[in-house]
Asker: 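Sharing a structure with you now.
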Amino acid sequence: MDLLVSQLLNGLVYGLLLFLLASGLSLIFGLMGVVNLAHGSFFMLGAFIGLSVVSVTGSFWWALILAPIPVAIIAAIIEIGLLRHLYKRDKVDMVLLTFGLSFVFTDLVEWGWGRDTFSLSEPPALEDSLEFLGGFFPQYRLALVVFGLAVALVLWLVIEKTRIGAMVRAGIDDTRTAMGIGLNVPLLLTTTFASGAALAAMAGVVAGPILGVYSGVDVEVLIPAFIVIVIGGMGSLKGAFVGSLLIGIADTFGKAYMPEASMFLIYATMIVVLLARPNGLFGQAAS
Amino acid sequence: MSKTKIITPSRRAVLQGTAAAAALSFDASLARVFAQTSGPIKIGVLNTFTKSVGLFGETTWRGIETYLEEHGNKIAGRPVQLIKEDDEFNPQVGLQKLRKLVESDKVHVVLGPLGSHIATAMIGYMKQSGTPWIVTGAGSTALTKERMPNMYRATLSNWQVANPMGTWEARNGIKDVVVVASDFLAGHDVAEAFAEAYEKGGGKIAKQVFPPVGTNDFSAYITDLRSINPGAVYGFFAGSEAGRFVKQFQQFGLKGKVKLTGFQSMLDSDTFPLQGSSAVGGLSSSIYCETLDTPENKNLIERYSKKSKELPGIFTESGYTVMRIIDDAVKAVGGNIENAAEFCNAIGKTNIVAPRGPVRFDPDTHQAIQNVYIREVHEEGGKFVNRVIDVVKDVGDYPGNKA
């Protein structure tokens with residue numbers, strides 16, 4: 001029994017890490033129709049900047065607070081300087097642009113920090129393990145579960161209960177009408193893109209003690225994040241949340257009980273969901 | 001992408017050219033006779049200096065440098081020129097760099113690589129080129145089955161290190177071991193060699209798990225270990241993966257309940273900075289131990305302390321010892337490393353006491369025959385070190401590799 005709970009917690013940890021990435025990815029897609037292949041780069045950039053902040057300040061918390069800021073600024077510059085000029089063009093152009101950007105970021109990271117694998121230490125306050133149900137569970141991971149759920153709650157409140165959230169939802173539902181009734185859609189797009197990037201950067205920092213910090217981590221997290229939003233439905237926050245937990249738990253149980261088939265299990269989950277609901281669990285039919 | 005213009009020369013020009021070339025090559029061969037035993041000895045160091053295992057390339061390199069500094073950068077009176085190439089842990093890149101070393105740098109001997117997949121990819125080319133090749137790092141058991149005349153392995157074979165540990169754990173009453181090994185060639189080599197010896201000694205393997213290469217988070221595997229509750233886990237990981245596995249093993253509360261044992265790369269001075277106190281009490285087998293109390297090892301530690309705060313690890317010792325092997329062999333052929341066949345024979349006659357202990361080569365497979373140490377991790381004055389708790393003397397190559 002306690003093992004089941006432990007594995008479930010392991011799945012939650014991974015799932016919530018994916019959620020931090022997938023939520024931004026999904027909202028950006030819903031608003032702009034951009035499949036942002038550079039989203040993993042924001043995660044990686046956040047992790048590396050966090051690493052540098054830790055080495056200067058010696059504090060994990062400063063890294064968590066500071067790392068998202070430059071990444072959000074970079075994202076805003078990308079949206080205003082590059083992406084904005086492509087909205088009217090074919091979608092493929094935007095995909096190619098973000099794909100190209102992911103290479104640029106990989107090179108920048110390797111140029112700035114090198115190609116080694118770094119490890120970010122958890123904050124000293126959360127270094128120990130908690131004993132419960134006859135087993136141990138690392139405190140940091142428990143804190144991560146709480147953090148992930150809190151971020152999910154805040155995101156949900158912002159999207160569902162605030163004016164900005166209403167604007168984002170309107171933009172996702174029908175961009176043209178939203179513009180027609182006087183919404184400042186360009187500003188909305190920049191804000192969403194930058195916030196998504198900041199969230200990804202934050203995910204990079206909190207994932208550091210578990211996944212490590214290295215060039216190439218961007219692709220490794222981006223692929224499952226894409227699976228998550230395909231399962232959850234593009235543009236849906238609820239979908240990103242449910243999809244993340246589903247994939248996190250499927251991956252963990254697969255590794256534990258069917259290690260040879262654990263990769264397959266993730267894709268099998270995706271296939272089953274897509275067969276039953278082609279637009280994902282909470283996705284709307286393509287317009 | 002420049003286009004090469006091809007000019008068809010006249011018949012006379014061809015004749016003149018041939019004559020000139022003949023004269024030139026005559027001069028060149030004369031020059032070579034003089035150059036022999038006086039120009040620099042060129043050593044190509046092909047290793048992995050980046051990626052998650054880049055640390056091993058770096059520490060090997062430092063071992064090579066340590067030996068050269070000790071000997072005034074000279075071997076048999078000739079200056080030494082090292083040419084360093086990074087294979088990026090990728091066989092394709094490795095082959096490119098190997099070609100560059102052999103064909104354009106014209107090195108006299110190739111050292112490396114770290115990755116068995118790269119070593120395997122190099123076999124065909126090295127057979128053809130005949131350039132002397134001393135493997136440092138790559139542990140694939142099957143590599144020495146090739147029995148190439150120009151290849152010697154101065155470091156461990158996976159079988160050589162994992163097999164004695166299996167026997168040792170069975171004999172010391174460690175029951176129901178779970179094997180967790182990285183899912184690639186070396187991981188399977190090690191798991192197989194360990195399990196074979198462990199079961200032969202009367203033990204029973206409870207489970208074998210092979211997490212994919214590049215696994216960061218071992219939580220699912222480690223939680224599963226708890227449900228099996230084995231006597232010990234025998235692990236094979238290297239670099240940052242070994243660091244994370246051992247750390248998470250402690251974080252999930254298995255330390256103290258399940259004995260942590262493994263291949264040398266699991267618990268080595270290279271990984272201690274990542275593992276800290278989580279490594280203490282762990283057992284591993286290796287061809288080297290940094291705290292060996294011999295004059296040869298003390299000498300290495302003293303010389304290495306000028307380069308690094310850490311004690312030398314297995315890769316540093318390997319770099320150091322492979323240079324000693326080259327040094328002795330070059331001296332045995334009177335400095336004439338250019339005679340590849342004689343030089344290779346001389347390597348085969350190596351009989352030294354290295355920092356790791358006595359080293360000689362199997363005349364058949366060219367695998368180094370050496371001691372295997374069973375080691376335990378201790379914390380001493382805030383530092384982490386391995387201490388030898390048992391020795392298996394003069395372990396040779398996998399019997400199945402012999403003719």
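Protein chains get the first letters and strands the later ones, always in sequence-line order, with residue 1 at the start of each.
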Asker: A:Tyr257 versus chain B, heavy atoms under 4.5 Å apart: side chain, backbone, both or neither?
Answerer: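 Just its side chain gets close to chain B.
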
Asker: In terms of heavy-atom proximity below 4.5 Å to chain A, should B:Tyr221 be classed as side chain, backbone, both, or neither?
Answerer: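 For B:Tyr221, the contact with chain A is made by the side chain alone.
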
Asker: Are more than 12 heavy atoms, taken from residues, nucleotides or ligands other than B:Lys204, located less than 6.0 Å from that residue's NZ atom?
Answerer: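 No, NZ of B:Lys204 has 12 or fewer neighbouring heavy atoms, counting only those of other groups under 6.0 Å.
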
Asker: I need the B:Thr136 OG1 to B:Leu46 CG distance, nearest 0.5 Å.
Answerer: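 B:Thr136 atom OG1 to B:Leu46 atom CG measures 9.0 Å (nearest 0.5 Å).
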
Asker: Please state whether the side chain, the backbone, both or neither of A:Ser119 comes within less than 4.5 Å of a heavy atom of chain B.
Answerer: side chain

Asker: Among A:Asp218, A:Asn36, A:Val217, A:Leu101, find the residue that satisfies the side chain to side chain contact (heavy atoms under 4.5 Å, CB included) test when tested with A:Ser41.
Answerer: A:Asp218

Asker: By the definition side chain to side chain donor-acceptor pair (under 3.5 Å), identify the one residue from B:Asp217, B:Thr223, B:Asn216 that meets it with B:Ser219.
Answerer: B:Asp217

Asker: Chain A: which of B:Gln250, B:Arg244, B:Lys247, B:Gln248 shares the most heavy-atom pairs with it under 4.5 Å?
Answerer: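 Top count of heavy-atom pairs under 4.5 Å with chain A: B:Arg244.
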
Asker: Count the heavy atoms belonging to other residues, nucleotides or ligands that lie under 6.0 Å from NZ of B:Lys257, then report whether that count exceeds 12.
Answerer: yes

Asker: Given the side-chain rings of B:Phe263 and B:Phe194, with only the six-membered ring counted for Trp, is the space between their centroids under 6.0 Å?
Answerer: no

Asker: Quick check: under 4.5 Å, non-hydrogen atoms only, which of residues 85-96 of chain B neighbour chain A?
Answerer: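 So the qualifying residues are B:Glu88.
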
Asker: Whether B:Lys84 engages the ring of B:Phe49 as a cation-pi pair (distance to the six-membered ring centre under 6.0 angstrom, angle to the ring normal within 45°) should be assessed.
Answerer: yes

Asker: Can A:Thr252 and A:Asn10 be said to form a side-chain hydrogen bond (donor to acceptor under 3.5 Å, both in side chains), step by step?
Answerer: CA-CA 7 Å; A:Thr252 302; A:Asn10 289 332; over 6 Å; no

Asker: Locate the shortest heavy-atom distance separating B:Pro230 from B:Asp176; write the atom from each residue and the value.
Answerer: CB-O, 2.9 Å

Asker: Quick test of your reading: applying side chain to side chain donor-acceptor pair (under 3.5 Å), list the pairs with at least one residue in residues 54-63 of chain B, sequence neighbours left out, ordered by first then second residue.
Answerer: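 As it turns out, the side chain to side chain donor-acceptor pair (under 3.5 Å) pairs with a partner in residues 54-63 of chain B, which skip direct neighbours, are B:Trp61-B:Glu65, B:Arg62-B:Tyr304.
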
Asker: So which part of B:Leu254 gets closer than 4.5 Å to some heavy atom of chain A, the side chain, the backbone, both or neither?
Answerer: neither

Asker: Determine whether the side chains of B:Ser277 and B:Glu379 contain a donor N or O and an acceptor N or O closer than 3.5 Å.
Answerer: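 Their side chains do not contain a donor-acceptor pair, so the 3.5 Å distance test is not met.
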
Asker: What are the residues of residues 121-130 of chain A, in order of number, with any heavy atom under 4.5 angstrom from a heavy atom of chain B?
Answerer: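 Near chain B, by residue number: A:Glu122, A:Ser129.
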
Asker: Please name the residue in the list B:Leu225, B:Val180, B:Val178 that meets the side chain to side chain contact (heavy atoms under 4.5 Å, CB included) test with B:Lys207.
Answerer: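 Of the listed options, the one satisfying the test is B:Val178.
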
Asker: Ignoring hydrogens and angles, tell me if any N or O in the side chain of B:Thr215 forms a donor-acceptor pair with the backbone of B:Pro211 under 3.5 Å.
Answerer: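 Pair absent, no side-chain N/O of B:Thr215 close to backbone of B:Pro211.
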
Asker: Suppose we call two aromatic rings close when their centres sit under 6.0 Å apart. Are B:Phe210 and B:His188 close by that rule?
Answerer: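 Close enough - the centres of the two rings lie under 6.0 Å apart.
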
Asker: Just how far is it from atom CG of A:Leu155 to atom CG of A:Leu199, taken to the nearest 0.5 Å?
Answerer: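 CG of A:Leu199 is found 5.5 Å from CG of A:Leu155.
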
Asker: Taking every non-hydrogen pair under 4.5 Å, which of A:Tyr214, A:Tyr140, A:Tyr14 racks up the most with chain B?
Answerer: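 Ranked by contacts with chain B, first place is A:Tyr214.
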
Asker: Which residues in residues 49-63 of chain A have a heavy atom less than 4.5 Å from any heavy atom of chain B?
Answerer: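 From residues 49-63 of chain A, none sit under 4.5 Å of chain B.
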
Asker: Taking side chain as everything from C-beta outward and backbone as N, CA, C, O, which of these in A:Glu110 sits under 4.5 Å from a heavy atom of chain B? Side chain, backbone, both or neither.
Answerer: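 Answer is neither: A:Glu110 stays 4.5 Å or more from chain B.
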
Asker: How many angstroms lie between atom CG of A:Leu9 and atom CZ of A:Phe137, to the nearest 0.5 angstrom?
Answerer: 4.5 Å

